[in-house]
Amino acid sequence: MNFLNQSPIGAKKSPFIYKDQATLEIRSGGGCISIFGLPFLLAGLFVMQIPLGIIPMKGPPEGLPSIFLVLFGSIFAAVGACLVFGRSGIIMDRGTGRILQWYGLLVPMKRTEYMLDSIRQVQMSFSSGDSDSAATWPVKLYGEGIAKPISVLQPTNFTEARQLAEELSRFLRKPLVDSS
């Protein structure tokens, strides 16, 4: 295992962040997805300001009542805000025997906690893509008392997915089931 989170030159950086030998963290959100969401946020805010008179226009907007402009703008702004500020993560701690899954806007807002002993296996499967998305190899945690599997990663490359699933399996000391 790579406890210093360093990779050889030319190798892809691991998504796993090792806090110490007993704590592993995976984060998602931010980065390029934030840049993608910024135009949605800005366009939504711009459209919402038109009926308020903050954006000067020659005459009222014709054909659309002001309430529709506010609703339309707020939908765009909400989607953009989720993309720009949305974050999620999973913290696996063998020391305390817990897995913490969290979601939020810049900071954790919703947390779900699982007991590490309830995890029975790390499973890797295949999900064929459609015309809009690539094929993926999801890596999930399955166990007793967990309503639905905990989705950890969804790499688009089989070799990468297999390596990450093996690393996660070794860290958690759980068997790896490859159903791809």
Undergrad: Please name all residues satisfying side-chain contact (heavy atoms from CB on, under 4.5 Å) with Ser34, sequence neighbours left out, ordered by chain then number.
TA: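 Here the qualifying residues are Arg87.
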Undergrad: Other than Met115, which residues form its hydrophobic cluster under the rule that side-chain heavy atoms must be closer than 4.5 Å?
TA: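 Its cluster partners, ordered by chain and number, are none at all.
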Undergrad: How close do Ser169 and Pro175 get, counting heavy atoms only, and between which atoms?
TA: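 That would be OG-C, 3.8 Å.
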Undergrad: Pick one: which of Val152, Ile119, Ile150, Thr23 meets side-chain contact (heavy atoms from CB on, under 4.5 Å) with Met92?
TA: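 Only one option passes, and that is Val152.
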Undergrad: Enumerate the salt bridge (Lys or Arg N to Asp or Glu O under 4.0 Å) contacts for residues 114-130, please, sequence neighbours excluded, ordered by first and then second residue.
TA: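 Every salt bridge (Lys or Arg N to Asp or Glu O under 4.0 Å) pair that includes a residue of residues 114-130, provided the two are not neighbours, is Arg120-Glu144.
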Undergrad: Do Ile26 and Leu176 sit in one hydrophobic cluster, given that two such residues count as connected whenever their side-chain heavy atoms are within less than 4.5 Å of each other, even indirectly?
TA: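 Cluster IDs for Ile26 and Leu176 match.
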Undergrad: What closest approach, in Å, do Ile35 and Pro39 show between heavy atoms, and which atom pair accounts for it?
TA: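 Smallest heavy-atom distance, with atoms named: O-CD, 3.3 Å.
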Undergrad: May I have all residue pairs that pass ring pair (Phe, Tyr, Trp, His ring centres under 6.0 Å) and include part of residues 109-129, sequence neighbours excluded?
TA: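 Passing the test, one end in residues 109-129: Phe126-Trp137.
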Undergrad: Give a yes or no on whether Ile33 and Tyr103 share a hydrophobic cluster (residues Ile, Leu, Val, Met, Phe, Trp, Tyr; joining criterion: side-chain heavy atoms under 4.5 Å apart).
TA: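 Per the 4.5 Å side-chain linkage, Ile33 and Tyr103 are not co-clustered.
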Undergrad: Please examine the side chains of Leu141 and Val122, heavy atoms only from C-beta on, and report whether any two atoms are closer than 4.5 Å.
TA: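 Yes. Closest side-chain heavy atoms under 4.5 Å.
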Undergrad: Atom CD1 in Ile99, atom OG1 in Thr112: separation rounded to 0.5 Å?
TA: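 Rounded to the nearest 0.5 Å, the CD1-OG1 separation comes to 11.5 Å.
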Undergrad: Are Leu105 and Phe36 linked, directly or through other ILVMFWY residues, by side chains that come within less than 4.5 angstrom of each other?
TA: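 Different hydrophobic clusters.
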Undergrad: Who pairs with Glu166 by salt bridge (Lys or Arg N to Asp or Glu O under 4.0 Å), at least two apart in sequence or on another chain?
TA: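 For Glu166 the salt bridge (Lys or Arg N to Asp or Glu O under 4.0 Å) partners, ignoring immediate neighbours, are Arg162.
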Undergrad: Looking at CD1 of Ile90 and OG of Ser28, how far apart are the two atoms once the value is rounded to the nearest 0.5 Å?
TA: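 Atom-to-atom, Ile90:CD1 and Ser28:OG are 8.0 Å apart.
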Undergrad: When the side chains of residues 72-81 are checked against the rest of the protein, which donor-acceptor pairs come out under 3.5 Å, sequence neighbours left out?
TA:
unit_1 : atom_1 : unit_2 : atom_2 : d
Ser74  : OG     : Val70  : O      : 3.1
Ser74  : OG     : Leu71  : O      : 2.8

Undergrad: Between Leu116 and Val139, is there a shared hydrophobic cluster once you connect ILVMFWY residues whose side-chain heavy atoms come closer than 4.5 Å?
TA: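 Linked, Leu116 and Val139 end up in one cluster.
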Undergrad: Contact between Phe16 and Leu164 at the side-chain level, heavy atoms closer than 4.5 Å - yes or no?
TA: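 Sidechains of Leu164 and Phe16: in contact.
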Undergrad: Quick one: name the residues clustered hydrophobically with Leu100, using the 4.5 Å side-chain heavy-atom rule over I, L, V, M, F, W, Y, and just say none if it's on its own.
TA: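 Ile91, Trp102, which link up through side-chain heavy atoms under 4.5 Å apart, make up the rest of the cluster.
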Undergrad: Are Val84 and Leu42 grouped together when hydrophobic residues (ILVMFWY) are joined by side-chain heavy atoms under 4.5 angstrom apart?
TA: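 Yes, because Val84 and Leu42 connect within a single hydrophobic cluster, where side-chain heavy atoms sit under 4.5 Å apart.
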Undergrad: Please list, chain by chain and in numerical order, all residues satisfying salt bridge (Lys or Arg N to Asp or Glu O under 4.0 Å) with Arg27, sequence neighbours excluded.
TA: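 Only Glu25 meet the salt bridge (Lys or Arg N to Asp or Glu O under 4.0 Å) criterion with Arg27.
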Undergrad: Determine the minimum heavy-atom distance between Gln101 and Ser151, stating which atoms define it.
TA: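 Nearest heavy atoms, Gln101 then Ser151: NE2-O, 4.4 Å.
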Undergrad: For Gln121, enumerate each residue passing the side chain to side chain donor-acceptor pair (under 3.5 Å) test, keeping only those at least two apart in sequence or located in another chain.
TA: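 Scan of Gln121 (side chain to side chain donor-acceptor pair (under 3.5 Å), adjacent residues dropped) gives Gln123.
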Undergrad: In terms of side-chain heavy atoms, does Ser179 have a donor or acceptor partner in Ser125 at a distance below 3.5 Å?
TA: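 The answer is no; no qualifying pair exists.
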Undergrad: Just to verify, what does Phe85 make a ring pair (Phe, Tyr, Trp, His ring centres under 6.0 Å) with, not counting sequence neighbours?
TA: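 Not a single residue meets the ring pair (Phe, Tyr, Trp, His ring centres under 6.0 Å) criterion with Phe85.
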Undergrad: Any idea which heavy atoms bring Phe171 and Arg94 closest together, and the distance?
TA: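 Nearest heavy atoms, Phe171 then Arg94: O-NH1, 2.5 Å.
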Undergrad: For Tyr142, what residues pass the ring pair (Phe, Tyr, Trp, His ring centres under 6.0 Å) criterion, not counting sequence neighbours?
TA: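 For Tyr142, no residue satisfies ring pair (Phe, Tyr, Trp, His ring centres under 6.0 Å) once neighbours in sequence are set aside.
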Undergrad: Scan for salt bridge (Lys or Arg N to Asp or Glu O under 4.0 Å) pairs involving residues 97-115, sequence neighbours excluded, and state none if there are none.
TA: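 Of all non-adjacent pairs touching residues 97-115, those that pass salt bridge (Lys or Arg N to Asp or Glu O under 4.0 Å) are Arg98-Glu113.
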